[in-house]
Amino acid sequence: MESLAQQGGGERRAGRLPAALLARLRHILLFAALGALGTLAHYAVLIGLVQGGVAGPVAGSTAGFLVGALVNYQLNRRIVFRSHKPHPEALAKFFVIAGIGLVLNALLMALATATLGAPYLLAQIAVTGLLVLWHYGGNALWTFREARHPVS
């Protein structure tokens, strides 16, 4: 009986990830690392609005989310996904994914702060972590996915 390490023509060794999975993990890490810049913009707006007494946690988070989305669109389009899609198409799709993320962000922030009484910054950190998966998946599978052309 052939072991997992021997399957696939002996090209994989036990304990090693397949190349495609490793490449996907690297891509997600790039997405998350560059997304941190958008997150910094998000948090700067959130903290500025809440601490300045201009808005509560949910409104401040929503405004910050929008600013962060604009930063992330540029980074995702140019660096992470290197998209060649027409700008209007990519931008529209990006904001559909971001809009759904915005609603999820507001609902989760309201649940965490108003219902559960969590401090707003801890709540935002948890919500951001959950939404990274939503944003990556939506953008990789829909927003920036390039059409595949069959080989003639």
Side-chain angles (χ1 to χ4, degrees), residues 4 8 11-12 15-52 54-116 118-152:
L4 288 176
E11 295 176 14
R12 287 187 253 163
R16 296 191 76 177
L17 294 174
L21 179 58
L22 193 55
R24 178 65 66 185
L25 290 173
R26 284 187 188 130
H27 199 237
I28 292 170
L29 287 174
L30 175 63
F31 175 84
L34 292 178
L37 297 174
T39 300
L40 285 174
H42 177 168
Y43 282 38
V45 171
L46 166 64
I47 292 167
L49 292 175
V50 172
Q51 295 301 320
V54 177
V58 175
S61 179
T62 301
F65 186 96
L66 292 171
V67 170
L70 290 171
V71 170
N72 282 331
Y73 172 74
Q74 291 298 327
L75 295 171
N76 285 326
R77 186 171 195 277
R78 294 179 181 184
I79 298 171
V80 176
F81 297 103
R82 297 179 186 170
S83 178
H84 297 290
K85 279 191 172 186
H87 185 68
E89 177 188 352
L91 185 63
K93 286 181 173 184
F94 182 86
F95 274 98
V96 167
I97 297 298
I100 293 168
L102 174 63
V103 170
L104 291 171
N105 182 78
L107 290 172
L108 291 170
M109 280 297 290
L111 173 69
T113 59
T115 305
L116 301 177
Y120 78 93
L121 283 177
L122 289 177
Q124 189 64 70
I125 290 167
V127 168
T128 298
L130 291 172
L131 291 180
V132 164
L133 299 174
W134 163 256
H135 290 285
Y136 179 80
N139 287 309
L141 296 173
W142 189 53
T143 304
F144 298 112
R145 184 178 201 146
E146 301 289 338
R148 294 183 185 197
H149 302 288
V151 177
S152 301

A.B. asks: Between atom CG of L122 and atom CG of L116, what is the distance when rounded to the nearest 0.5 Å?
C.D. replies: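 Reported to 0.5 Å precision, the distance equals 12.5 Å.
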A.B. asks: Determine, step by step, whether H135 and F31 satisfy the ring pair (Phe, Tyr, Trp, His ring centres under 6.0 Å) criterion, reporting the C-alpha distance in whole Å, the side-chain angles of both residues, the deciding distance to 0.1 Å, and the verdict.
C.D. replies: CA-CA 9 Å; H135 290 285; F31 175 84; 7.6 Å; no
A.B. asks: Going by the salt bridge (Lys or Arg N to Asp or Glu O under 4.0 Å) test, which pairs reach into residues 89-104, not counting sequence neighbours?
C.D. replies: K85-E89, E89-K93
A.B. asks: Using side-chain heavy atoms (C-beta onward) and a distance below 4.5 Å, is F81 in contact with E146?
C.D. replies: no
A.B. asks: Distance-only check: which donor-acceptor pairs under 3.5 Å involve side-chain atoms of residues 125-134, not counting sequence neighbours?
C.D. replies:
residue: T128; atom: OG1; partner: Y43; partner atom: OH; Å: 3.0
residue: T128; atom: OG1; partner: Q124; partner atom: O; Å: 2.8
residue: T128; atom: OG1; partner: Q124; partner atom: NE2; Å: 3.3
residue: W134; atom: NE1; partner: I97; partner atom: O; Å: 3.1

A.B. asks: Taking atom CG of L30 and atom CD1 of I79, what is their separation to the nearest 0.5 Å?
C.D. replies: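 Separation between the atoms: 7.5 Å.
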A.B. asks: What's the shortest heavy-atom distance between T113 and A123, and which atoms?
C.D. replies: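 Heavy atoms only, the tightest pair is CG2-CB, 4.0 Å.
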A.B. asks: Checking V96 against W142 for the side-chain contact (heavy atoms from CB on, under 4.5 Å) test, could you report, in this order, the C-alpha distance in whole Å, the side-chain angles of both residues, the deciding distance, and whether it holds?
C.D. replies: CA-CA 10 Å; V96 167; W142 189 53; 3.8 Å; yes
A.B. asks: With sequence neighbours left out, what residues match H84 under ring-ring contact (aromatic ring centres under 6.0 Å, His included)?
C.D. replies: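 Partners of H84 under the ring-ring contact (aromatic ring centres under 6.0 Å, His included) test: none.
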A.B. asks: Any chance you could measure Q74, atom CD, to L91, atom CG, to the nearest 0.5 Å?
C.D. replies: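 Nearest 0.5 Å value for the CD-CG distance: 8.5 Å.
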A.B. asks: Check whether any side-chain heavy atom of L46 sits under 4.5 Å from a side-chain heavy atom of Y120, and report yes or no.
C.D. replies: yes
A.B. asks: Which atom names give the shortest non-hydrogen contact between S61 and M109, and what distance separates them?
C.D. replies: OG-CG, 3.8 Å
A.B. asks: I'd like to check N76 versus L34 (side-chain heavy atoms, cut-off strictly below 4.5 Å). Are they in contact?
C.D. replies: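 No, side chains not in contact.
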A.B. asks: Flag the pair F94 / H87 as yes when their ring centroid distance falls below 6.0 Å, and as no otherwise.
C.D. replies: no
A.B. asks: Looking at every non-hydrogen atom in both residues, tell me the closest pair between A90 and T143 and how far apart they are.
C.D. replies: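 For A90 versus T143, the nearest heavy atoms are O-CG2, 3.5 Å.
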